[in-house]
Amino acid sequence: MNRLEISEENLTSMAHYLQQTLNPVQTERRAAEKYLENMEGLGNYSILLLTLVSQDIVDMTIRQAAAITFKNFVKKRWRIIEGELNKISEEDRGLIKKQIIDLMLSVPEQLQRQLSDAISMIGREDFPYQWPDLMQQMTSKFGTGNLPVINGVLRTAHSLFKRYRHEFKSNELWTEIKLVLDNFADPLMQLFIATMEHLKNHEKDVNNAKILYSSLTLIAKIFYSLNYQDLPEFFEDNMEKWMTHFLTLLTKDNPLLQTKADDEAGPMELLKSQICDNVALYAQKYDEEFQPFLPKFVEAIWNLLVSTGIEVKYDLVGTLVSNAIGFLASIADRAQYKQLFESEEAMKQICERIILPNMAFRDADEEVFDMNPEEYIRRDIEGSDIDTRRRAACDLVRALCKFFEAEVTKIFSSYVGILLQNYAQDKTKFWRDKDTAIYLVTSLATKSKTQKHGTTEVSQLVNLTDFFKTNIIVDLEGPSVNDVPVLKADAIKYVMTFRNVLPREVLLTSFPCFMHLLKAESQVVHTYAASAIERVLMVRQNGNPVVLADDIKPYTEQLLTNLFGAFDHEGSAENEYIMKAVLRVMSLLKESVLQYLPIILTRLKEKLLMVAKNPSKPHFNHYLFEAICLIIKVGTKANPQNVTSFEEALFPPFQEILVADVQEFIPYVFQIMSMMLEIHTDCPQPYVELFPFLLNHTLWERHGNIPPLTRLIQAFIEKGSKSIVQQEKLNPVLGVFQKLIASKSNDHYGFYIIQSLVEHMEPAALSQYMKTIFIKLFNRLTKFKTTKYVKGILVFLNLYAAQYGGPALVEIIDSIQTKLFAMVLEKLYIADVQKVSGTLEKKICAVGMIKLLTETPAMLGADYKQFWVPLLQALIGLFELPEDDTIPDDEHFIEIEDIEGYQTAYSQLAFAGKHETDPFKGAIPDAKMYLARSLQKLSTAQPGQITPLISSQLDPKATQFLNGYLQASGVQIS
């Protein structure tokens, strides 16, 4: 590996290109990014970045860019993948680990955070075995008394340990956690105790108190991570120390630390929130050990909630109110604690003083509704409200209903009545009361729900249809789409929430209202209307759709007009919910939208050209491409010649996307191009001209491009194999195959390409390469044998036998090494063919094996006759036995290789799905019958040989199956 010199010249050059990555001019920015990407493979590249980070004289924006680039470099290249080259030299790895901890602790906090994340990534790969002294490096800083340094260590530890909250249990994980506990738990506790002592002495010093609270919050977060998987013995033995201090902190108030801004959480709120999380964890998972401490925490958190105001700072994501209510909900949900809530007074207090105030629609909520509608939508209908006080209050209602449903429903029913009565008296003044009433009814009625289906089980104590008729439909049908938009949104959401339990007539009544509300100026309202249209069309009862195509056909023109018109509202040019609704409507109506095809295609093309300039909404983009696929599918099904119109419309924007290298869109473009090319009977000239570009190695370096590019190459091979030969591009195609086959995650794509070549390419064009291809396949099999690869090579070998004949397969394999085919038969065919899955793959293997058994003289010759009956036995097993889906332990994660750094992921377009094509073109409809007839022909050609072989060696059960095939085919063997 070539190495860069750590020189002023190189540092200056690196700084320049890092500065250019921030350039608003796209061409300049992309050029700089490309330069840095090309430098990544050189030694000392990462050391140069860290050197820039460390230098105080360098501009902070460049240092920040260097830190982020270093973090991304680590993410992209640190992991060592078996069978692939090490992307960072051992020398550089050692240098990084030697200096990064001290460097991280010496730089400003904004740089510290980036390096801390990088340390976490390195630790995930190397700790504990390749970085055994990491814990010691970190805990040694605790004794320095330097609070910024200590906080840097704690921040890194939190980043490193927080994955324990999400990891699956395993021996490897337990081993790592034990090592951490042995080396980190006691120093952490001593630091906790010492920090509590420091806090006593510095409560009046605002700056020091803020830093100390930051330390305590990080310590509390690490406590949560280390206790998540199981209750460690160390923490159980020292529970009283931890809980005593947690309780002190939960009840402590320091006016100096209260923030003046209503929308900014202070250090006290952040710490108390994390403590609520910690004690909720203990109450839920370690309730027996935690029992002595529970009553005091319930009292403290109850008092905390009653005394906490309605300001936004108390309910920002991950902060105080939601976590505190969450703790009470976790207690109320468990039978052993229900006595805490049994008294009528306790229930009334919790409903009146905690639940109702936290369900109210506040000025802050209205501000988000109006000024940040995307955030409101994300919280409200995407399920991202998990950390809001409204959602927490709703969860507490459900938890209480588990044991006290009748009592809670009775209490809140009276409040719902009062709130709706207030609204009826003065709709302008008390519209928020109706909002709260609807939210309360929703909380009371919902017993279980899913993101996909909405509410699936409801309380029998709430009549949802009556409530709809009395209170919801009036807001849906109001003459003005812009009146009280919050209540319009509430009404739409009510139908969405209960769509699977409301009767069909309610959904049909609501549908025209949703169409009309697409015209609403409020982004929340027209977005909810679009989402409701999409979700209602997905409702199924007993497997059948509730709203049918015939139900909405009368509205088709108006529906499409309103949907596409909704994109013109402010803030909704790239509204994913509207595009998803467009997609769902077209999917349901299919050929009914054909008359509007030119208009739809024009609007979709306009959207594509717009978003290609700056892709920023991945969900919108995906639904846009799905819609393009669907309109192509519908249009070409009606008339395959329509594909030309689609190509004329789409090739110019596709060309712009490819030339501008819009990485987010390129996998989509390849899928749609594949879809269109597959419709043709030949390969049109525009595709032929594009083909050399598709073989550019840079395209194949991007993980997300590989699946659609492979499909597109397969389509080229099928429709234009002659042009590949004429352009002299067969060698580059084989180069792509060789690259793919070497990768354990991508080898199946290599098999797809080589199988397409065998199936569609003239044998004469391939013949000079075939021996080399077989050698490379067997070398990979010897070097890295995986179950997936074994399946792939078996399908390939059998396709080769089916296309070129069994003798050709035996000949080419034995030309590599004398009698190598014997090993292939024994170790691959007979041992592993049962692992092959997939109907078409099994059929290919069956036909190839039949060709070997019945059309390959060498199989009855001296060298291979011993394998004839075992091969027949294996073939019958392939037909009759269940698939052997066992995978060796060391292979379970063999296909999961980290994508290098940030790359566009591959997103399969559902409406661009590829249809499997039978390589036998229908000539062999039933492989079992084909076996029977082929054996009959063989026995006629070899009289007296086949029957004795079968009767003397074939397993009786297999013989029974074989006789069944013969009888069903009406043939006999002699």
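Residues: numbered from 1 along the sequence shown. Quick note: numbers below take in every heavy atom, side chains included, and nothing from hydrogens, waters or symmetry partners. All figures in this text were calculated on a predicted structure; none of them were measured in a lab.
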Which residues pass the salt bridge (Lys or Arg N to Asp or Glu O under 4.0 Å) test with E405, not counting sequence neighbours? K447
So, the side chain of E407 versus the backbone of M347: is there a donor-acceptor pair under 3.5 Å, distance only? no
Student check: side-chain heavy atoms of L396 and I350 closer than 4.5 Å: yes
Any donor-acceptor pair under 3.5 Å linking the side chain of N358 with the backbone of I354? yes
If you count heavy atoms of other groups shown closer than 6.0 angstrom to CG of D253, is the number above 12? yes
Test side-chain hydrogen bond (donor to acceptor under 3.5 Å, both in side chains) applied to Y213 and N254, step by step: CA-CA 11 Å; Y213 263 85; N254 186 340; 5.6 Å; no
Among residues at least two apart in sequence or on other chains, which ones pass ring pair (Phe, Tyr, Trp, His ring centres under 6.0 Å) with H158? none
Counting only N and O atoms by type, is there a donor-acceptor contact under 3.5 Å from the side chain of R124 to the main-chain atoms of M121? no
Donor-acceptor contact present, side-chain S307 to main-chain L304, <3.5 Å: yes
Side chains of V546 and N500: closer than 4.5 Å at any heavy-atom pair? no
Main chain of L420, side chain of K434: is a donor-acceptor contact present, judged purely on distance under 3.5 Å? no
As a quick check of understanding, evaluate salt bridge (charged side-chain N to carboxylate O under 4.0 Å, His left out) for K488 and D475, giving each step before the final call. CA-CA 6 Å; K488 299 281 189 196; D475 288 315; 5.6 Å; no
Carefully, step by step, assess F246 and F192 under the rule ring pair (Phe, Tyr, Trp, His ring centres under 6.0 Å). CA-CA 10 Å; F246 281 162; F192 182 41; 5.6 Å; yes
Check: G266 main-chain N/O paired with E269 side-chain donor or acceptor under 3.5 Å: yes
Who passes side chain to side chain donor-acceptor pair (under 3.5 Å) against N303, sequence neighbours left out? none
Would R362 and E367 count as a salt bridge (charged side-chain N to carboxylate O under 4.0 Å, His left out) if you check the C-alpha gap in whole Å, the side-chain angles of each, and the deciding distance to 0.1 Å? CA-CA 9 Å; R362 299 161 302 157; E367 185 178 336; over 6 Å; no
Closest approach of S330 and A280, non-hydrogen atoms and distance? OG-CB, 4.1 Å
Audit row: K348, E344, salt bridge (charged side-chain N to carboxylate O under 4.0 Å, His left out) steps and yes/no: CA-CA 6 Å; K348 192 177 179 186; E344 186 177 338; over 6 Å; no
Residues forming a ring pair (Phe, Tyr, Trp, His ring centres under 6.0 Å) with H622, sequence neighbours excluded: Y668
Give me the atom names and distance for the closest heavy-atom approach of A529 to I492. N-CD1, 3.9 Å
Heavy-atom count around Q339 CD within 6.0 Å, excluding the residue itself: above 12? yes
Suppose the criterion is side chain to side chain donor-acceptor pair (under 3.5 Å): which pairs have a residue in residues 278-287, not counting sequence neighbours? N227-Y282, Q274-N278, D287-Q336
Step-by-step ring pair (Phe, Tyr, Trp, His ring centres under 6.0 Å) determination, W242 to F223: CA-CA 9 Å; W242 285 94; F223 174 94; 4.9 Å; yes
Looking at every heavy atom in both V525 and P485, which two are closest together, and how far apart are they? CG2-O, 3.4 Å
So do L199 and L216 actually touch side chain to side chain, heavy atoms under 4.5 Å? yes
Residues which pass salt bridge (Lys or Arg N to Asp or Glu O under 4.0 Å) with R163, listed by chain and number, not counting sequence neighbours: E167, E176
pair F361-W431: side-chain heavy atoms closer than 4.5 Å: yes
side-chain contact (heavy atoms from CB on, under 4.5 Å) between F327 and V298, worked out: CA-CA 8 Å; F327 168 75; V298 171; 3.9 Å; yes
Do we get R390 above Y439's six-membered ring, with its NZ or CZ under 6.0 Å from the centre and within 45° of the axis? yes
Distance, nearest 0.5 Å, that separates OG1 of T442 from CG of D490: 8.0 Å
For N422 versus F430, what's the shortest heavy-atom pair and its separation? O-CD1, 3.2 Å
Treating S531 as the side-chain partner and T527 as the backbone partner, does any N or O pair qualify as donor plus acceptor under 3.5 Å? no
For R432, give me all partners under salt bridge (Lys or Arg N to Asp or Glu O under 4.0 Å), at least two apart in sequence or on another chain. D363, E366
If you count every heavy atom of other residues, nucleotides or ligands that lies below 6.0 Å from Y228 atom OH, does the total exceed 12? no
Check this for me, if you would: do E299 and K296 make a salt bridge, where the nitrogen-to-carboxylate-oxygen distance has to be below 4.0 angstrom? no
Judged by modelled atom types alone, do S225 and R165 share a side-chain donor-acceptor pair under 3.5 Å? yes
Any heavy-atom pair between the side chains of L419 and L440 that's under 4.5 Å? yes
I'd like to know whether CZ of R334 has more than 12 heavy-atom contacts from other residues, nucleotides or ligands below 6.0 angstrom. yes
Quick check against the 3.5 Å criterion: does T497 have a side-chain atom that pairs as donor or acceptor with the backbone of K493? yes
Residues two or more places apart in sequence or in another chain: which of them pass side chain to side chain donor-acceptor pair (under 3.5 Å) with S215? N151
Residues which pass ring pair (Phe, Tyr, Trp, His ring centres under 6.0 Å) with F142, listed by chain and number, not counting sequence neighbours: F184
What's the verdict on salt bridge (charged side-chain N to carboxylate O under 4.0 Å, His left out) for E109 and R113, showing C-alpha distance, side-chain angles and the deciding distance? CA-CA 6 Å; E109 186 175 330; R113 290 181 182 276; 2.6 Å; yes
Atom of T156, atom of M104 and distance for their closest heavy-atom approach: OG1-CE, 2.9 Å
Before you tell me yes or no, could you show the steps for V524 and D370 under side-chain contact (heavy atoms from CB on, under 4.5 Å), namely the whole-Å CA-CA distance, both residues' side-chain angles and the distance that decides it to 0.1 Å? CA-CA 8 Å; V524 175; D370 291 332; over 6 Å; no
Applying salt bridge (Lys or Arg N to Asp or Glu O under 4.0 Å), name anything that partners K200, two or more places apart in sequence or on another chain. E197
Taking N183 for its side chain and L179 for its backbone only, find out whether a donor-acceptor pair lies under 3.5 Å. yes
Y376 versus Q523, side-chain donor and acceptor atoms under 3.5 Å: no
Ignoring hydrogens and geometry, is there a side-chain-to-backbone donor-acceptor pair from N463 to D466 under 3.5 Å? yes
Non-neighbouring partners of K221 that pass side chain to side chain donor-acceptor pair (under 3.5 Å), sequence neighbours left out: none
Ring pair (Phe, Tyr, Trp, His ring centres under 6.0 Å), that's the test. Do F297 and F293 meet it? Break it down for me. CA-CA 7 Å; F297 276 105; F293 306 96; 7.3 Å; no
Side chain to side chain donor-acceptor pair (under 3.5 Å) filter on T139, not counting sequence neighbours, yields none
